[in-house]
Amino acid sequence: MEQNGTAGKHGLEGDADLQFLLVGGELVKVRSGSWQKNRYFKLQEDCKTLWQESRKAFKKNQTFSIDDIDSVRKGRQSEGFQKHTDPSDEERCFSIIFKNRRKILDLMAANAEEAKQWIGGLEKIITNMQNLSIQQKSEHWIINCMRKADKNEDNKMTLKELKHFLRQINIEVDDTYAEDIFKKCDKSKSGTLEGSEIKHYYELLTHREEIDVIYGKYAQTEGQMSTRDLLNFLRNEQAEQVTTEYAHRLIEKHELDETAKQKKHMTKDGFLMYLQHEEGSILNPAHKNMYQDMTQPLNHYYISSSHNTYLMEDQLKGPSSTEAYIRALMKSCRCVELDCWDGANGEPVIYHGYTLTSKVLFRDVIKAIKDYAFKTSDYPLILSLENHCSVDQQKLMAHHLISTLGDALVTKPLGDTMPTNLPSPEELKGKILIKGKRLNKLDAVFNNNSTLEEETVSEEDEAADCKENGQKAKKSSKIKLAKVLSDIVIYCKSVHFDGFEHAKDKQGFYEMSSFKEGKAFNLAETSGTAFIHHNMDKLSRIYPAGSRTDSSNYNPVPMWNVGCQIVALNFQTPSKEMHLNQGRFLPNGVCGYILKPEFQRSLSSQFDPNKLTKGPWLMKKIFHVMVISAQQLPKLNKDKPKSIVDPLVRMEIHGVPADNAIEETHYIENNGFNPMWNENFQFDINVPELAMVHFVVEDYDTISGNDLIGQYCLPLTSVQNGYRHVPLLTKRGDVISSAGLFVHLMLLDAQ
């Protein structure tokens, strides 16, 4: 039986763009310097792999998986294109961005039409790959694809053909396990499966005992779930008080058996489909999109924030790039940092001063920010300027900001009178704010108070910290500030922190301080309530210690616990801390803003995360968790075909110190396809509104330490009760296609 990409093409049969990719064609590969070479590219028949011609003897056939592509960008948007191609080539250019650290692939087609076909075809294939999850396809779909794959129509499949086909639809099965099932189904001992044997193979392969038990308990009508049966399940197990109409909608959406659908019944296949879609997800669907009040003052929100945004790697010798800004903005980061220094030819540059990190032009960064600021979120973006420039280059910085950002840049307060508090994210939609030093008070805008064209001000707190750990900075605490740059700092004026009492009496609502992590953690521990009250009408920015030269991160949770808004992390470093950050900003449409709890906004609050007293924040709960099973955990060592993971699941609660807890299942040997634990855990929660839930799946290793397989994090307040599917993400935060956990959750009031 011949193999083809039938499953990979599902839904794209006959598509002109797909056919174009399968034929392939020559593209110009653009690299550093003047290196531009013609190379042939084509999509492989499996519709999962892109082949590229290589002229190197040791790399004759180069391929990469479509699943490794993060996005395809149209035009000359990469730094390579900007430096090494002509603006007239704009319509011919496109870039392939990868999920891992692989370099961007810049390609140029023969003409605009071909570029459009490459981009359209690749985007369709990427979307198709994301949908090719067994957990979101029915038995009917899989078996139908198997039959379509039988090109010579002999209705037979060998073990090799079956395994190849399963890989096409994103099912990775251990060889021994696949062979054992094959032998059970090959009743005729012919070495091939025919007809009903193929269906039986699929059923055994995808059999989930836990689903059988749950479905069997409630399917009380002709062996199926009637509407009443489904309602009983939703009310008893999922703790959802829903209507008959809602149950009908679920059947209509997820049931593929037309006979059952007409009866308003749900088959086991339909039930599994429901569990694997958003209604059965751990994340409350009501929290997936925008659901919070966005009309409160800006300081009432946690704001997704990046530190040293320009860096792709470490803080000493890593590359600086506009790409780093694009990646942060595409993750809905709403505060990015620009470390500005005098550059050659009068043009300011951005880099990590007094280090060997590379430099990128300030104007190129502002152009990238303009293009990507509001791609994933409409809410305001803050540009945190660390200004080390001479007055002349500061004037050029102001020119680039004003001319490039245009009306998006906030250059004066909203309204005609002096405000008394910060505007809301809603009022600032589509706007960009500058955080930096300002020569005078904000009311000078209305009082026509003039200042000199330049004046001396104290340098940024973080700028002074660059002297740490061998970074040989010139000892200086003063810089000259150009009025034209000062004037566009409106709502985020940087000031030195001189204590909470001083800030309360002397600091304006638009004035904000930056805190190095050590100082911030100390204040949070010793003056938690005062820190929270400080953050009720002012913004605070926290940044990593200068000693973190490897771009590692601090734990952001204690900073959120005291109401700090701009908790800046190194977005370029995949880490547990970034997983927590991704989880914190997962709800509310992933817009980069999360409304703080009421007790962090109310002036009467005496909340202290380190000393829990009675108050509205104390809502004691018991969180019951049963880790039931996992599905299709990826192999970590893909170079070794026989490599199989020994998975375990760790559950972590991150919140106030009294709530922090870790529990772990036993590990299961050699089973990444369908491991089952059925282990129960219980967590006591005191302040649920600050608690984060983190699922971590690891490959057990007694010798070298466990390796991460996947993880998922979200706020406890966004968790749905009942039987739920937990998607898994990579270390870098990308979705792992087809993989997931199956759990039972129940958050109950403590007695």
Side-chain angles (χ1 to χ4, degrees), residues 1-4 6-8 10 46 48 132-150 154-216 267-269 271-273 275-276 628-638 640-647 667-678 699 709 736-742:
M1 174 178 174
E2 296 179 40
Q3 288 299 322
N4 64 6
T6 302
H10 182 73
D46 64 3
K48 290 180 61 175
L132 275 179
S133 163
I134 186 170
Q135 297 162 348
Q136 295 182 346
K137 299 299 179 188
S138 68
E139 174 183 332
H140 170 79
W141 184 87
I142 298 285
I143 293 169
N144 190 41
C145 281
M146 282 180 167
R147 286 174 180 152
K148 281 185 181 179
D150 182 7
D154 66 354
N155 204 24
K156 294 179 182 179
M157 295 184 86
T158 64
L159 175 60
K160 184 180 178 182
E161 289 169 338
L162 264 174
K163 282 170 21 182
H164 185 79
F165 172 75
L166 291 171
R167 277 196 297 273
Q168 285 183 307
I169 57 172
N170 282 358
I171 302 179
E172 292 287 348
V173 189
D174 167 50
D175 288 352
T176 306
Y177 185 64
E179 190 172 348
D180 287 344
I181 297 177
F182 190 89
K183 286 176 181 176
K184 286 180 186 176
C185 297
D186 185 12
K187 303 293 185 186
S188 62
K189 309 296 181 188
S190 64
T192 61
L193 301 186
E194 308 175 29
S196 61
E197 290 176 339
I198 296 174
K199 184 175 188 293
H200 188 44
Y201 182 89
Y202 166 79
E203 289 170 344
L204 287 179
L205 185 68
T206 59
H207 178 243
R208 289 180 57 182
E209 183 183 339
E210 69 274 31
I211 301 298
D212 287 354
V213 172
I214 300 164
Y215 184 77
T267 62
K268 188 169 69 174
D269 206 29
F271 181 65
L272 185 57
M273 291 278 281
L275 286 173
Q276 304 297 353
I628 301 171
S629 62
Q631 294 76 46
Q632 296 192 68
L633 302 177
K635 293 178 182 179
L636 296 182
N637 192 344
K638 292 183 178 178
K640 293 183 179 179
K642 293 188 180 291
S643 168
I644 311 168
V645 296
D646 303 326
Y667 71 91
I668 294 176
E669 286 190 9
N670 295 340
N671 188 351
F673 185 68
N674 57 0
M676 190 176 293
W677 292 275
N678 287 324
D699 181 16
I709 297 173
I736 303 173
S737 178
S738 300
L741 291 175
F742 187 53

(request) Rounded to the nearest 0.5 Å, what's the gap from CD1 on Ile709 to CG on Asp646? Could you check? (result) 8.5 Å
(message) To the nearest 0.5 Å, what is the distance between CE on Met273 and OG1 on Thr267?
(response) 9.5 Å
(request) Among Leu193, Leu205, Ile198, find the one that has a side chain to side chain contact (heavy atoms under 4.5 Å, CB included) with Cys185. (result) Leu193
(message) Please report the interatomic distance CD1(Ile644) to CG(Leu636), rounded to the nearest 0.5 Å.
(response) 12.0 Å
(message) Can you list everything that forms a salt bridge (Lys or Arg N to Asp or Glu O under 4.0 Å) with Glu210? Sequence neighbours excluded, please.
(response) Arg208
(request) Please name the pair of heavy atoms, one in Tyr177 and one in Leu204, separated by the smallest distance, quoted to 0.1 Å. (result) OH-O, 4.3 Å
(message) How long is the straight-line distance from CD1 of Ile181 back to NE2 of His200, given to the nearest 0.5 Å?
(response) 9.5 Å
(request) Tell me yes or no: between the side chains of His207 and Asp212, is some donor less than 3.5 Å from an acceptor? (result) yes
(request) Quick one: closest heavy-atom pair of Leu741 and Gln631, and the distance? (result) C-OE1, 4.2 Å
(request) Give me the ring orientation class for Tyr201 and Phe182: parallel if the planes are under 30° apart, tilted from 30 to 60°, perpendicular past 60°. (result) perpendicular
(message) Which heavy atom of Leu159 sits nearest to which heavy atom of Ala178, and what is that distance?
(response) CD1-O, 3.9 Å
(message) Rounded at 0.5 Å granularity, tell me how far CE in Met157 sits from CD in Glu194.
(response) 12.5 Å
(message) Which heavy atom of Ser188 sits nearest to which heavy atom of Glu197, and what is that distance?
(response) N-OE2, 3.9 Å
(request) Please name the pair of heavy atoms, one in Pro675 and one in Ile668, separated by the smallest distance, quoted to 0.1 Å. (result) CB-CD1, 3.8 Å
(request) Over all heavy atoms of both residues, which pair between Thr192 and Asp186 is shortest? Give the atoms and the distance, please. (result) O-OD1, 3.3 Å
(message) Using 0.5 Å steps for rounding, measure from the CD1 atom of Ile211 to the CZ atom of Phe742.
(response) 4.0 Å
